[in-house]
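One structure is given here, and the rest of the page talks about it.
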2 protein chains.
Amino acid sequence: MNTACETCPVKDSAACAVLTEEERDALAAAGRTRTLKRGEMLFAAGDENAACATLVSGALKVSAIDRDGNEQILALVHPSGFIGELFAPFAHHDVVALTESRLCTFARADINQAIDLYPSLARALLRRSQEDLLATRSLLELNATADAEARLAALIHDFAVAASHSSCHLASEFELPLTRGEIANMLGLTIETVSRKLGEIEEAGAILRKGKRGIELIDPALLQALSGRQAAQA
Amino acid sequence: MNTACETCPVKDSAACAVLTEEERDALAAAGRTRTLKRGEMLFAAGDENAACATLVSGALKVSAIDRDGNEQILALVHPSGFIGELFAPFAHHDVVALTESRLCTFARADINQAIDLYPSLARALLRRSQEDLLATRSLLELNATADAEARLAALIHDFAVAASHSSCHLASEFELPLTRGEIANMLGLTIETVSRKLGEIEEAGAILRKGKRGIELIDPALLQALSGRQAAQA
DNA sequence: CGACGTCTTGACCGTTGTCAAGTCATGTGG
DNA sequence: CCACATGACTTGACAACGGTCAAGACGTCG
């Protein structure tokens with residue numbers, strides 16, 4: 001019991017939740033906790049032996065920078081998410097904190113060893129990896145098929161889901177975790193288009209903007225409709 | 001030795017390659033081989049207990065169909081690739097053969113059991129899953145940042161790599177495994193744009209079209225340049 | 001107060017989607 | 001054997017969505 005695992009807010013939902021207490025503490029002994037301020041990088045594309053980590057609190061973005069300097073956000077990481085490329089010789093993407101974030105980091109070698117030691121951990125990471133795959137594919141689908149307004153509506157909807165802690169209904173008021181520029185980078189749009197379409201969605205009566213980042217959800221069903229996705233309820 | 005594993009063309013590269021011969025044969029006993037003709041479906045989005053499979057030969061596409069009937073191709077699967085969502089209660093996407101394909105299929109329960117039995121298999125599947133994740137993310141990056149011509153050039157380049165069996169240089173003549181419509185669905189474009197941009201790439205002197213599907217690579221460096229990616233050689 | 005960063009708004013233009021013919025190869029039935 | 005239908009692809013004209021460029025509003029911090 002040499003660790004903070006006992007009080008860890010994601011101890012029941014992170015990958016390590018599948019371990020016994022002893023196993024978990026042993027693993028934790030190999031790792032260390034770390035705090036990142038907004039904008040700080042966990043690792044950059046190209047880093048060798050980039051660390052792996054479980055996100056304890058806060059939020060991260062995974063992004064690629066093409067050679068003209070354009071950023072493309074590929075994924076967001078929420079608490080209890082796992083980050084790290086276990087097998088690639090170097091990191092392919094940047095990982096940066098969106099808000100003040102606490103992480104539980106591990107050297108790649110330690111995680112690899114833990115995978116061999118604890119088969120249930122391998123299984124848990126596999127599950128997480130497949131979930132990440134699904135999330136990335138749904139972003140791909142969104143960006144390829146939907147127009148700007150639908151993409152934005154879908155993203156706002158997702159944030160409303162993420163902001164509400166009860167997983168089944170939406171937060172009625174929350175802050176966008178991304179700047180306009182980041183939203184644009186995520187959806188493959190420009191800042192200006194994001195701004196305009198946000199205005200249109202507001203005008204349509206689905207949301208109300210509260211300052212720069214705040215959103216109040218007025219009409220969830222309308223938002224859903226704008227996003228072009230099937231409503232999930234009767 | 002009750003199986004065809006001995007002569008399997010992907011026995012050294014598929015996930016099962018990490019198993020010992022006995023383990024592999026035991027797993028193979030639980031699976032069965034299957035052949036799909038072009039257009040045949042392995043499973044559809046929504047299927048419960050969709051099978052898992054290793055692709056032995058041929059090619060598959062993973063695609064999502066939105067409710068207006070538009071298909072979006074999310075990934076291609078090449079021989080030795082693994083398909084299947086191990087943990088989701090139902091399949092999220094369609095999986096369809098692009099060419100006549102041979103597969104080694106397994107019930108999900110059997111794969112799950114095998115993962116527990118053989119930790120090295122879990123590790124191999126985790127590795128594959130992470131590779132799939134990278135591939136999906138690079139498609140996402142491509143579709144979000146590059147214009148139509150660059151996307152198409154990048155795709156052709158990838159096919160040239162895939163068609164050459166020596167992994168380090170390009171096939172100089174090959175057949176596109178996708179129809180124009182499928183290319184369009186994969187890149188988030190329309191059939192017409194694909195056709196036009198193909199013409200422009202040909203006119204630029206990078207390729208030569210041979211019939212409907214054939215491509216002769218004239219100037220690989222130019223193709224690379226058009227794709228907007230860094231050339232990989234001196 | 002002024003400078004800066006973030007966001008908004010407007011005018012304009014280009015790439016790409018849409019609609020519509022038209023070509024070409026293949027296969028079918030008279 | 002030829003006429004015709006079919007499906008995949010190409011090409012053209014046009015329109016629209018979203019990108020680009022430019023100016024301005026707003027809030028925050030020095």
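Keep in mind the model is a prediction, meaning the values are calculated, not measured. Every chain is numbered from 1, with letters handed out A, B, ... down the list of sequences.
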Using whole Å, what does the distance between atom [atom2] of nucleotide [N] and atom [atom1] of [X] come to?
X: B:Lys212; N: D:dT11; atom1: NZ; atom2: P; answer: 11 Å
X: B:Arg213; N: D:dT10; atom1: CZ; atom2: P; answer: 11 Å
X: B:Ile191; N: D:dT11; atom1: CD1; atom2: P; answer: 14 Å
X: B:Asn185; N: C:dG17; atom1: CG; atom2: P; answer: 12 Å
X: A:Glu175; N: C:dC7; atom1: CD; atom2: P; answer: 12 Å
X: A:Lys210; N: C:dC7; atom1: NZ; atom2: P; answer: 18 Å
X: A:Leu176; N: C:dC7; atom1: CG; atom2: C1'; answer: 13 Å
X: A:Glu203; N: C:dT8; atom1: CD; atom2: P; answer: 13 Å

Using only side-chain N and O atoms of [X], determine if any of them is under 4.0 Å from OP1 or OP2 of [N].
X: B:Arg180; N: D:dG7; answer: no
X: B:Arg209; N: D:dT10; answer: yes
X: A:Thr190; N: D:dG19; answer: yes

Salt bridge [X]-[Y], side-chain N to carboxylate O under 4.0 Å:
X: A:Glu182; Y: A:Lys61; result: yes
X: B:Arg213; Y: B:Glu175; result: no
X: B:Lys37; Y: B:Glu100; result: no

Is the ring centre of A:Phe159 less than 6.0 Å from the ring centre of A:His157?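 No: the rings miss the under 6.0 Å criterion.
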From B:Phe82 CZ over to B:Asp132 CG, what is the distance, rounded to the nearest 0.5 angstrom?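 Answer for the CZ-CG pair, B:Phe82 versus B:Asp132, is 10.0 Å.
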To the nearest 0.5 Å, what is the distance between CG on B:Asp94 and CD1 on B:Ile65?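 Reported to 0.5 Å precision, the distance equals 5.0 Å.
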Return the residues of residues 192-200 of chain A meeting this criterion: a heavy atom under 4.0 Å from some atom of DNA chain D. Order them by number, or give none.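 Here the set is A:Glu192, A:Thr193, A:Arg196, A:Lys197.
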Near DNA chain D, counting only heavy atoms under 4.0 Å, which residues of residues 138-155 of chain B show up?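 The stretch gives none, as no residue of it lies under 4.0 Å from the strand.
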Residues A:Glu71 and A:Ser63: side-chain donor-acceptor under 3.5 angstrom: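 Side-chain D/A pair, A:Glu71 to A:Ser63: present.
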Ignoring hydrogens, what is the shortest heavy-atom contact between B:Leu222 and B:Ala204? Give both atom names and the distance.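 Of all heavy-atom pairs spanning B:Leu222 and B:Ala204, the closest is CD2-O, 3.2 Å.
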Where B:Leu76 and B:Leu98 come nearest, the two heavy atoms and their spacing: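 Answer, listing the atom of B:Leu76 first, then B:Leu98: CD2-CD1, 3.8 Å.
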